[in-house]
Amino acid sequence: MKNLLRTLKRCAVAAAATLAVVSLQPLSTAQAAPAPVVGGTRAAQGEFPFMVRLSMGCGGALYTQQIVLTAAHCVGATGNNTSITATAGVVDLQSTSGRVQVRSTKIYRAPGYNGNGKDWALIKLATPINLPTLPIATTTAYNSGTFTVAGWGSATEGGAQQRYMLKASVPFISDATCRTYSGYSGLVASDEICAGYAAGGVDTCQGDSGGPMFRKDNAGAWIQVGIVSWGIGCARANAPGVYSEVSTFSSAIASAAATL
Ligand code: ARG
């Protein structure tokens, strides 16, 4: 039951998100940029070219130029699906300069997904998007350190979806530490990785789900280690963000992508 509540809570944004995006207000230039994500700053145009905004109100990343990696809780069942629009190429969702919008053709949701771990899915696009992809971690080597998160989700808990992509940095939290936080005892250690500050203040939030958590690899290139999944509220103290542990699923993701 607890898990059910958590799942519902984190999926509630999806239905409202399409409307929320449409009703976003332009920022006054006199105003400071909003805290992104929560506690973040604005991403520069082209800084994270692999970032995708999905029309149900989630994020994603280009796994290939024609396949978006996102969260299972953002999508419906595996099968043909032309209802999702992916937007890429812009930090400003309202800018038409450089913006690419492509419809989905198929969904692949992680087999056995039931709201407890396994929170990943692939979306096949109707046509390739000519932008850089984000390689995923295939070993646990990068499951530590400081991660970057980005998206168009709420900049405050319960707040509106964002017009401009926001970014933030969050440190790794061990499974053992993460489990000690209230509401996190059910953490699926093999499938989930926690990140954030015990003091709170910086976090992903509703609408960032499905987006990547990434860092630099040893060669200085971005590599995806997580997928925004859930948290208790956003940016609260002792309530970190929980991300799907991409390295655990890298083989399954590659096999699934090959079928799409
Ligand atoms: N499940 C949320 C979504 O659908 C993302 C929640 C992330 N929460 C957090 N505190 N890090 O967008």
Side-chain angles (χ1 to χ4, degrees), residues 2-21 35-40 51-61 68-76 84 93 109-110 113-121 123 146-162 165-173 177-178 181-184 186-188 191-214 225-245:
K2 186 174 159 217
N3 188 49
L4 176 63
L5 287 174
R6 190 186 75 180
T7 303
L8 290 174
K9 184 179 163 200
R10 66 179 135 126
C11 289
V13 68
T18 308
L19 280 173
V21 168
V37 168
V38 175
M51 287 292 301
V52 174
R53 175 67 176 181
L54 297 169
S55 55
M56 84 293 277
C58 279
V68 175
L69 177 59
T70 186
H73 80 264
C74 289
V75 303
I84 301 167
L93 293 175
R109 190 174 56 187
Y113 170 70
N114 65 1
N116 200 21
K118 300 183 179 64
D119 196 7
W120 65 271
I123 297 172
T146 300
F147 306 121
T148 298
V149 289
W152 292 268
S154 307
T156 57
E157 185 176 326
Q161 298 295 293
Q162 298 294 300
M165 190 198 305
L166 298 174
K167 63 170 180 175
S169 293
V170 282
F172 168 79
I173 295 175
T177 297
C178 196
Y181 297 126
S182 177
Y184 291 75
L187 186 82
V188 183
D191 291 11
E192 297 176 323
I193 182 168
C194 300
Y197 295 93
V202 183
D203 197 5
T204 47
C205 198
Q206 268 57 36
D208 292 319
S209 274
M213 177 170 81
F214 47 100
V225 301
I227 300 168
V228 180
S229 183
W230 63 276
I232 306 292
C234 304
R236 297 184 189 180
N238 304 310
V242 182
Y243 300 80
S244 299
E245 193 164 324

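Counting starts at 1 for both ligands and their atoms, in listed order. These numbers come from a predicted model, not from an experiment.
- Here is the list of ligand 1 atoms found below 4.0 Å of a heavy atom in Gly233: 9 (C), 10 (N).
- A heavy-atom distance below 4.5 Å is found between the side chains of Arg53 and Gln161.
- Under a 4.0 Å criterion applied to the non-hydrogen atoms of Asp203, ligand 1 contributes the atoms 9 (C), 10 (N), 11 (N).
- Across every non-hydrogen atom of Cys178 and Leu187, the tightest pair is CB-CD2, 4.1 Å.
- Proximity to Asp208 (heavy-atom distance under 4.0 Å) selects the following atoms of ligand 1: 12 (O).
- For Asn116 (side chain) and Val188 (main-chain N/O), no donor-acceptor pair under 3.5 Å exists by modelled atom type.
- Checked against side chain to side chain contact (heavy atoms under 4.5 Å, CB included), Ala235 has the following partners two or more places apart in sequence or in another chain: Val38, Asp203.
- The shell of residues lying under 4.0 angstrom from ligand 1, judged by heavy atoms, excludes Arg236.
- On a distance-only criterion, Gly207 and ligand 1 share at least one N/O pair closer than 3.5 Å.
- When non-hydrogen atoms are compared, ligand 1 lies under 4.0 Å from neither the backbone nor the side chain of Cys58.
- The residue from Ser209, Gly59, Gly153 that puts a heavy atom closest to atom 3 (C) of ligand 1 is Ser209.
- Considering backbone and side-chain N/O of Tyr243, none are found under 3.5 Å from N/O of ligand 1.
- Residues Val228 and Tyr243 meet the side-chain proximity criterion, which asks for heavy atoms closer than 4.5 Å.
- Between the side chain of Ser154 and the backbone N or O of Gly159 there is at least one donor-acceptor pair closer than 3.5 Å.
- By the 4.0 Å heavy-atom criterion, Ser229 is counted among the residues contacting ligand 1.
- Between Trp152 and Asp208, the shortest heavy-atom contact is N-OD1, 3.5 Å.
- For ligand 1, the atoms closer than 4.0 angstrom to any heavy atom of Gly241 are 11 (N).
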